[in-house]
Amino acid sequence: MKLTILGGGGFRVPLVYGALLQDHAEGRVTHVVLHDLDAGRLSAVTRVLAEQAAGVPDAPEVSATTDLDEALRGADFVFSAIRVGGLEGRANDERVALAEGVLGQETVGAGGIAYGLRTVPVAVDIARRVARLAPDAWVINFTNPAGLVTEAMSRHLGDRVIGICDSPVGLGRRIARVLGANPKEAWIDYVGLNHLGWVRGLRVAGRDELPRLLADPDLLGSFEEGKLFGVDWLRSLGAIPNEYLHYYYFNREAVRAYQQAEKTRGAFLHDQQARFYAEMGNPDAPAWKVWNQTRAEREATYMAENRETAGAGDRDEDDLSGGYEKVALALMRAIARDERTTLILNVRNQRTLSVLDTDAVIEVPCLVDANGAHPVTVDPLPGHATGLVCAVKAVEREVLAAADSGSRATAVKAFALHPLVDSVNVARRLVEGYTEVHPGLAYLR
């Protein structure tokens with residue numbers, strides 16, 4: 001089976017390959033094609049994978065190419081993990097937004113809109129090529145903003161594109177762990193959009209254990225989200241929000257922390273990865289060891305500003321192992337081998353949330369089999385969550401409309417309608433600022 005990874009020179013590719021190395025079942029991936037526009041990054045990652053696979057019998061063959069069409073032909077699965085504009089683009093997204101006093105995070109608020117505006121046209125081109133060159137392939141989208149990009153691609157690939165994120169899985173795992181339950185045996189009642197969802201229940205053997213957690217302040221304050229949001233706020237909500245909702249519920253504090261930080265997250269990663277890829281230019285460097293050290297630093301500093309604002313301290317050791325690659329592999333196995341499973345995924349709504357239309361991509365538990373991912377019926381969201389979901393989905397639709405039409409006015413509208421952008425004039429200045437620093441937004445006129 002052939003797996004193509006778009007963005008194959010990306011830093012996190014060894015996480016995916018490591019998961020593949022542990023799969024020895026029949027019908028596994030035998031050939032991995034890495035595609036990237038940067039040949040140097042491809043070479044570096046290929047070195048890491050070669051050392052990673054040393055001593056592993058029947059490790060999947062790895063090849064690399066800068067030719068997109070060549071990478072797609074004959075693919076059974078396509079992992080799309082591109083970053084349009086690179087980490088320099090992410091750092092610019094943050095800088096322009098923070099200069100206007102609004103959030104610049106890569107998936108939330110102004111930064112997420114900017115990232116979406118330059119990514120959607122590229123993602124749509126990829127979707128069209130997949131439809132033409134590998135019409136039977138399944139596309140698993142890693143690219144942020146994951147829900148928005150998945151929806152853009154679904155207009156050309158239908159339900160054969162599925163978006164993934166490890167945040168809901170990690171959240172459910174932490175809740176189950178603190179309750180003394182086996183995460184594999186728990187049903188997580190999670191619903192929302194990507195990076196905008198809530199756990200409303202966690203059922204073990206048919207019993208909802210979340211009320212027990214909410215009733216115990218010591219338990220509730222003992223894990224990441226309890227420390228991040230505070231016990232009182234979680235009890236007021238009656239649910240456990242995705243960590244990214246910290247940007248909404250504590251927006252002023254988050255913006256202030258980002259403004260005061262020595263470096264934004266994008267700037268930090270840009271510098272860190274520049275050092276990594278530069279070191280990989282040395283043929284004698286121990287590629288696997290250097291990658292592992294860099295990864296550990298990356299994971300430990302994740303959402304550091306938010307945790308500092310909340311006084312949450314360092315991340316727990318159990319939360320430093322990532323997880324999105326495990327979700328992707330579980331999804332791929334379920335489809336390829338008809339190994340039926342349940343995963344929280346980004347898929348078209350169909351009739352799951354009545355407040356959104358059928359084509360809106362949402363993030364919910366799905367039953368997965370050889371025919372793809374099927375969203376599970378969920379209870380309606382409470383009013384406060386419904387309002388936020390509908391507002392952000394409306395913004396995503398304006399981003400898609402701007403990317404399709406090239407309308408600068410529609411791009412301004414997307415920024416202005418976002419709950420975390422507080423002025424039409426700020427929205428106009430954001431569009432001006434982003435078009436100045438991003439060549440990929442030259443299409444807006």
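Residue indices begin at 1 and follow the sequence shown. Values reported hereafter were calculated over all heavy atoms of this structure, with side chains retained and with hydrogens, waters and symmetry mates removed. These numbers were taken from a predicted model, which means no experiment stands behind them.
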Are any non-hydrogen side-chain atoms of [X] and [Y] less than 4.5 angstrom apart?
X: E363; Y: Y190; value: yes
X: V290; Y: V48; value: no
X: V102; Y: V255; value: no
X: S154; Y: D159; value: no
X: I240; Y: L220; value: yes
X: V364; Y: V376; value: no
X: L234; Y: P241; value: yes
X: Y17; Y: L34; value: no

For the backbone of [Y] and the side chain of [X], can you confirm whether one donor and one acceptor N or O come within less than 3.5 Å of each other?
X: Q272; Y: T294; value: yes
X: Q105; Y: Y247; value: no
X: T4; Y: A71; value: yes
X: T386; Y: L381; value: yes
X: R429; Y: A427; value: no
X: E94; Y: T264; value: no
X: D208; Y: L202; value: yes
X: H418; Y: L420; value: yes
X: N242; Y: L245; value: no
X: W291; Y: F11; value: yes

Looking only at non-hydrogen atoms, find the nearest pair between [X] and [Y] and report the distance.
X: L42; Y: T65; answer: CD1-O, 3.5 Å
X: H156; Y: A152; answer: CD2-O, 3.7 Å
X: A328; Y: I164; answer: CB-CD1, 3.5 Å
X: V327; Y: C165; answer: CG2-O, 4.5 Å
X: R41; Y: Y277; answer: NH1-CE1, 3.2 Å
X: A137; Y: V130; answer: CB-CG1, 4.5 Å

Start with the C-alpha gap between V204 and L179, add the side-chain angles, then the distance that decides, and say whether side chain to side chain contact (heavy atoms under 4.5 Å, CB included) holds. CA-CA 10 Å; V204 180; L179 286 168; over 6 Å; no
Would you compute the distance between atom [atom1] of [X] and atom [atom2] of [Y] and round it to the nearest 0.5 angstrom?
X: I362; Y: R348; atom1: CD1; atom2: CZ; value: 12.0 Å
X: T341; Y: L367; atom1: OG1; atom2: CG; value: 9.0 Å
X: T119; Y: L148; atom1: OG1; atom2: CG; value: 8.5 Å
X: L444; Y: T435; atom1: CG; atom2: OG1; value: 7.5 Å
X: D379; Y: T352; atom1: CG; atom2: OG1; value: 12.0 Å
X: K227; Y: E225; atom1: NZ; atom2: CD; value: 10.5 Å

salt_bridge(D404, R155) N-O dist < 4.0 Å: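 Judged by the 4.0 Å cut-off on N to carboxylate O distance, D404 and R155 do not form a salt bridge.
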Do the charged groups of R129 and D125 touch, with an N to O distance under 4.0 Å?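 Salt bridge present between R129 and D125.
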Parallel, tilted or perpendicular, as decided by the 30° and 60° cut-offs, for the rings of Y434 and F415: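 Plane angle under 30°, so parallel.
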Mind running side chain to side chain contact (heavy atoms under 4.5 Å, CB included) on L237 and F229 for me, showing each step along the way? CA-CA 11 Å; L237 288 174; F229 292 99; 5.9 Å; no
Among L331, N346, N141, whose side chain to side chain contact (heavy atoms under 4.5 Å, CB included) with I162 holds?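 Filter result, single survivor: L331.
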K393, NZ: over 12 other non-hydrogen atoms inside 6.0 angstrom: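 Buried by this count: over 12 neighbours within 6.0 Å.
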Take a 6.0 Å sphere around CD of E88 and say whether it holds more than 12 heavy atoms from other residues, nucleotides or ligands.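 No, not enclosed.
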E106 and its side chain to side chain donor-acceptor pair (under 3.5 Å) partner, picked from R83, R265, H195: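 Between E106 and the candidates, side chain to side chain donor-acceptor pair (under 3.5 Å) is satisfied uniquely by R83.
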Under the salt bridge (Lys or Arg N to Asp or Glu O under 4.0 Å) criterion, do R173 and E224 qualify, and how do the steps go? CA-CA 11 Å; R173 184 177 64 237; E224 178 85 352; over 6 Å; no
Check the pair L72, H35 against side chain to side chain contact (heavy atoms under 4.5 Å, CB included), reporting the backbone distance first and the verdict last. CA-CA 9 Å; L72 292 176; H35 171 268; over 6 Å; no
Donor-acceptor pair between N144 and T107 side chains, under 3.5 angstrom: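 Short answer, no.
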V389/W198 under side chain to side chain contact (heavy atoms under 4.5 Å, CB included): CA gap, chis, key distance, verdict: CA-CA 11 Å; V389 163; W198 297 261; 3.8 Å; yes
